[in-house]
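Only one structure is covered here, and it is reproduced in the block below.
In the text below, chain A, chain B and the rest are named by the order of the sequence lines, each starting its count at 1. This structure is a prediction, so every number in the text was calculated from the model and none was measured.
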Number of protein chains: 2
Amino acid sequence: MAKRQDKRAEVIDLLAVHFLDTGLSDTGLRRLAEVAGTSDRMLLYYFENKEELVAAVLTHIASGLSASLTDMFGNRPLPPSTLLETLWAAAKSEAFKPHLRLWLDLAANANRGDPLLISIAQQISAGWIDWMANLLDVPAAEKNATAALLLATVDGQLVLFPGEIARGEAAIQQLISLFKHWSQAVSVC
Amino acid sequence: MAKRQDKRAEVIDLLAVHFLDTGLSDTGLRRLAEVAGTSDRMLLYYFENKEELVAAVLTHIASGLSASLTDMFGNRPLPPSTLLETLWAAAKSEAFKPHLRLWLDLAANANRGDPLLISIAQQISAGWIDWMANLLDVPAAEKNATAALLLATVDGQLVLFPGEIARGEAAIQQLISLFKHWSQAVSVC
DNA sequence: TAAATATTGTAGCGCCTGCTACAAGTCTAA
DNA sequence: TTAGACTTGTAGCAGGCGCTACAATATTTA
């Protein structure tokens with residue numbers, strides 16, 4: 001009688017897509033039930049309450065993302081300018097946009113003190129820092145700071161609005177050129 | 001009979017404080033009425049509807065912020081590393097934290113397509129870019145890109161959570177040292 | 001003073017929210 | 001086959017939402 005668990009997993013899959021599409025605002029139980037092809041009554045049978053449902057879907061999305069990041073970038077160490085370039089290209093792509101918007105949504109809600117969302121968001125962001133730090137071809141002492149800078153810069157672009165893409169582009173190119181200056185300075189002087 | 005306008009202005013002042021304290025989530029009409037010392041009925045007498053109320057409060061907050069930024073930084077041109085240092089110190093201060101959290105809230109909601117919030121947020125962010133660009137002591141061609149990078153970096157720190165301040169600190173220091181490298185390189189080589 | 005206008009209270013609409021009580025159906029194990 | 005657990009539908013609760021109809025009061029104007 002593991003039907004309950006099977007259905008639960010299926011619901012999580014379907015709702016992950018919906019969350020990525022529409023964020024954390026359109027999350028009434030009746031609406032989610034419709035999206036998942038079931039009833040609100042059943043959602044509360046599969047999950048203890050709405051909070052547990054949301055947490056399950058978000059962690060599912062997070063683990064999926066970190067898997068696909070590893071797939072995409074591999075393990076070869078990269079200089080910061082290259083990593084940033086690749087990361088920015090990914091961030092601009094349609095494939096990743098939903099993840100970034102959801103991440104912004106999550107951050108905004110977590111910033112208002114919801115402890116559950118805080119812990120989920122912390123977990124996700126720590127994962128990203130670790131992943132980037134390992135990938136960076138810089139002195140060990142600077143790995144974490146550089147990773148933090150890259151993440152903060154890309155995150156900062158999330159606070160862009162339609163018609164402001166040029167602004168983000170300029171910021172990223174500026175940082176890329178700073179990184180190149182820096183590595184030249186190290187090798188030349 | 002300008003009592004209506006007077007009350008309207010008073011309500012805006014009171015609600016600005018409340019928005020800065022609690023963000024854009026706790027905005028039921030009955031709750032706002034309580035905070036403003038009036039009734040929901042009267043809020044809809046002073047304002048056409050809730051949307052107009054929120055817009056009025058947000059633009060009031062925005063203009064207050066830009067005034068205090070000008071007060072604080074003056075007009076003297078600053079190198080990017082200094083501006084970033086000062087900006088970061090301000091961003092960490094308790095006085096500015098409410099503004100930054102509200103800004104994140106606004107960005108997250110605007111990103112979901114609300115046209116009213118989008119235009120308010122665009123207006124605010126354009127104001128910041130202009131203000132920073134004018135203040136930066138860098139070649140004219142690089143003003144906008146550098147301002148965008150600074151804003152993006154500070155904005156990126158908004159996506160931090162309790163216990164992660166160290167990460168933000170590291171990112172900012174990293175960028176400051178990149179800027180210093182860059183200006184040394186320009187003057188030495 | 002009387003008429004017109006501005007301000008405010010009371011009460012409630014229809015719709016949404018997360019959640020639950022209860023009963024009926026379905027399946028599995030003895 | 002029957003008892004028990006598992007799964008699901010129906011209906012509804014209490015409370016919130018933005019908003020409004022209507023009437024009463026207060027204030028200004030003629």
Using atom CD of Glu52(A) as one end and atom P of dC19(C) as the other, report the distance to the nearest whole Å.
-> 11 Å

Length of the CD-C1' vector between Glu51(A) and dT17(C), whole Å | 16 Å

Nearest whole angstrom, please: distance from the P of dG18(C) to the CZ of Phe47(A).
-> 14 Å

Under 3.5 Å side-chain donor-acceptor pair for Trp88(B) and Glu169(B) | yes

Flag side-chain contact, heavy atom, 4.5 Å: Met132(B) against Leu150(B) = yes

Parallel, tilted or perpendicular, as decided by the 30° and 60° cut-offs, for the rings of Trp182(B) and Phe179(B) = perpendicular

Mind listing the residues from residues 17-27 of chain B sitting with a heavy atom below 4.0 Å of DNA chain D? Number order is fine.
-> Thr27(B)

Please work out which residues in residues 39-46 of chain B have a non-hydrogen atom less than 4.0 Å from an atom of DNA chain D and list them by number.
-> Asp40(B), Arg41(B), Leu44(B)

Nearest non-hydrogen partners of Leu102(B) and Phe19(B), listed with the distance = CD1-O, 3.8 Å

Spacing of Arg4(B) atom CZ relative to dT28(D) atom C1', expressed in whole Å = 16 Å

Mind calculating the distance between NZ (Lys50(A)) and C1' (dT20(C)) to the nearest angstrom?
-> 17 Å

To the nearest Å, how far apart are Lys3(A) NZ and dC27(C) C1'?
-> 9 Å

Distance only, no hydrogens: is a donor on one side chain within 3.5 Å (strictly under) of an acceptor on the other, for Lys7(B) and Thr38(B)?
-> no

Is a side-chain donor or acceptor of Asp114(A) paired with a backbone partner of Asn109(A) at a separation under 3.5 angstrom?
-> no

Just the atom pairs and distances: protein N or O near nucleotides 13-16 of chain D's N or O, under 3.5 Å.
none

Please give, in whole Å, the distance from dT7(D) P to Lys7(A) NZ?
-> 11 Å

Side chain of Thr146(A), backbone of Glu142(A): donor and acceptor closer than 3.5 Å?
-> yes

Interatomic distance, Asn49(B) CG vs dT20(D) P [rounded to whole Å] | 8 Å

Keeping the roles fixed (side chain from Asn111(A), backbone from Leu104(B)), state whether a donor-acceptor pair exists under 3.5 Å.
-> no

Does a salt bridge link Glu52(A) with Arg8(A), judged by any charged N lying under 4.0 Å from a carboxylate O?
-> yes

What is the minimum heavy-atom distance between Ala55(A) and Leu116(A), and which atoms define it?
-> CB-CD2, 3.9 Å

Does NZ or CZ of Arg4(A) fall inside the cone over Tyr45(A)'s six-membered ring, less than 6.0 Å from its centre and within 45° of the axis?
-> yes

